[in-house]
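Working notes, beginning with the structure itself.
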Protein chains: 2
Amino acid sequence: MGDKKLEKHKYRTIRDYIKKRIQTGKYPIGSYLPSENDFCNRFGITRTTIRKALDELLKEGFIVKEQGKGSKVIERGKSLGLLTVKGISGSIDYEVETIVTEPSRIARWDPIIPFTLTNEEQKSQCVYFQRVRNINGHPVVLENNWYSLNALGLIESDEFVDGSFFKTLSRKHLIEIMGAEQELRSKPASIDVAKKLNILEGAPILHISVRFRTSKPGLNLYGDLYCDTSEYPIRNSYFL
Amino acid sequence: MGDKKLEKHKYRTIRDYIKKRIQTGKYPIGSYLPSENDFCNRFGITRTTIRKALDELLKEGFIVKEQGKGSKVIERGKSLGLLTVKGISGSIDYEVETIVTEPSRIARWDPIIPFTLTNEEQKSQCVYFQRVRNINGHPVVLENNWYSLNALGLIESDEFVDGSFFKTLSRKHLIEIMGAEQELRSKPASIDVAKKLNILEGAPILHISVRFRTSKPGLNLYGDLYCDTSEYPIRNSYFL
DNA sequence: AAATATTACTTGTACGTACAAGTTGGAATG
DNA sequence: CATTCCAACTTGTACGTACAAGTAATATTT
């Protein structure tokens, strides 16, 4: 199992090997990786190299290191600076329900997207789906999502892992979120949005336009979100 | 000049030494640090150690490394995930003007702060100041700021470096922003806010509550911002 | 004079070694 | 039996060496 292309950049090869095993659940969340010396013996490398690989996984948020114990696999994405509804994905305080209101289908790019599409994206059709997030039975976030059909292909919305598109990307396609750009606006709700969020037309809502960059070259995810923040504010935290 | 407390954690000592020289402008922004071998000779260490130190400075956003050239000092805080008005601090597209509307003074904590204060903060008085950010002559952001008097002391708002509180902390007090937590809400403008932002009462504005964590133990900065996003949206980006 | 090659730098990767520091479970002790 | 101690693990720090890869200015060649 060990010998693939170990030419140069050994640490990258090993980093990607470990990453893949984490993504596919062979190193489950909460478990400890084999020790550094284990990896050294297995792959015929030195600790310098495996430590470099683990350091990258640490930076990317796949593991944490505990001196004297080992390297523990963690759930990625919490420490990622993503905007989340207070409670969502923390999911302790509130009951969150995700409803697909428009199943994924092939469509044309919506001009509402305020980011500049790449040439490849403009030439390609896109996949679109719409979701609503409910908290305690009340709709709070209306989500429109797009991505380039050519870059990924159509993923059926009823195949989402735990109802999460990001988890689906990670577990089934080994694609990770690498970053995002966002624009935030406060504006009055349109009739359409007000209807879907069950609020009054003209009530202030938070409009978020976001572009997620992924580890797959050429694949970006575009989002257009409408949030009713009157009960549940949007949260965002980042560190170091 | 080299021998201070080199007992253990040499790389931390050297990291902090370099960091301090960056903060105080002895390694100016845009310049290149001495080469790794230079540092090795100067401090009597090996490249392993200096590289570890530089790696931390890289993670913290003080430098970037360029193979074959060297380590370049960069302006920190851009890659920091902070919410910024589109254009602010990029400051290329728009003319941004910061006006202190309430000079810093000793005050009591405002109950509007939605974060839990530490015991030390509750026992201490606080320093408060208010600012307005203008873009092209139009007020766009109204800012209320607090921090614990005991943790830092009163900094006069007319001593701010470039009008920036963060720059003042870094250059004059060697304190850096380590992270933040934010809550975002869309709501109608109150009379007071509407007046200061020169908009209609009830117009939708973006309300941001933020707690910045700093490198100085016990010091947090609390912000309460009201943004008129009708012309200039708020931006936020983070990577890896 | 222009294109090419060399040289002297820089950072990047990887080898190997040694010991410090933290954790854990079992052996020795009381 | 409870406590202490120790041995065997883990990761953390630091030493030293070697060569690869990228950059830029200089020397050489054309």
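Reminder, nothing fancy here: chain letters follow the sequence lines and each chain counts from 1.
- The residue Thr46(A) sits close to a base: some heavy atom pair falls under 4.0 Å.
- Comparing dT13(C), dC15(D), dG16(C) by their closest approach to the side chain of Ile45(B) singles out dC15(D).
- Tyr222(A) does not carry Arg211(A) over the face of its six-membered ring by the limits of under 6.0 Å from the centre and within 45° of the normal.
- Rounding to whole angstrom units, NZ of residue Lys10(A) and C1' of dG12(C) are separated by 15 Å.
- For the residue pair Ser170(B) and Glu176(B), a side-chain donor N or O sits within less than 3.5 Å of a side-chain acceptor on the partner.
- Each end of the helix from dA1(C)-dT30(D) to dG30(C)-dC1(D) gets its own axis, taken as the rotation carrying the C1' atoms of four end pairs onto the next four within a five-pair window, and the two axes meet at 10° to the nearest 10 degrees.
- For the OP1/OP2 pair of dT13(C) and a distance below 4.0 Å, the side-chain nitrogens and oxygens of Lys52(A) include at least one atom meeting the criterion.
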Could you tabulate the donor-acceptor pairs under 3.5 Å formed by side-chain atoms of residues 113-120 of chain A, not counting sequence neighbours?
residue: Thr118(A); atom: OG1; partner: Glu121(A); partner atom: N; Å: 3.1
residue: Thr118(A); atom: OG1; partner: Glu121(A); partner atom: OE1; Å: 3.4

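- Atom CD1 of Ile50(A) is separated from atom C1' of dT13(C) by 15 Å (rounded to the nearest Å).
- Here the closest heavy-atom approach between residue Ser104(B) and residue Val127(B) is recorded as CB-CG1, 4.0 Å.
- Going from atom NE2 of His9(B) over to atom C1' of dC19(C) covers 14 Å, rounded to whole Å.
- Contact detail for Phe160(B) and Thr168(B): the closest heavy-atom pair is CA-OG1, 3.3 Å.
- No engagement by Tyr32(B) is indicated, since no non-hydrogen atom pair under 4.0 Å with the nucleic acid exists.
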Between the protein and nucleotides 8-11 of chain C, list every N/O to N/O distance that falls short of 3.5 Å.
residue: dT10(C); atom: OP1; partner: Ser35(B); partner atom: OG; Å: 2.9
residue: dT10(C); atom: O2; partner: Gly68(B); partner atom: N; Å: 3.4
residue: dT11(C); atom: OP2; partner: Glu36(B); partner atom: N; Å: 3.0
residue: dT11(C); atom: O4'; partner: Gly68(B); partner atom: N; Å: 3.4

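- Of the possible polar contacts, none joining the Ser209(B) side chain to the Asp224(B) backbone as a donor-acceptor pair under 3.5 Å is found.
- A salt bridge links Arg133(A) with Glu143(A); the closest basic N to acidic carboxylate O contact falls under 4.0 Å.
- Here Phe129(B) contributes atom CZ and Asn145(B) contributes atom CG; the two are 4.0 Å apart, rounded to the nearest 0.5 Å.
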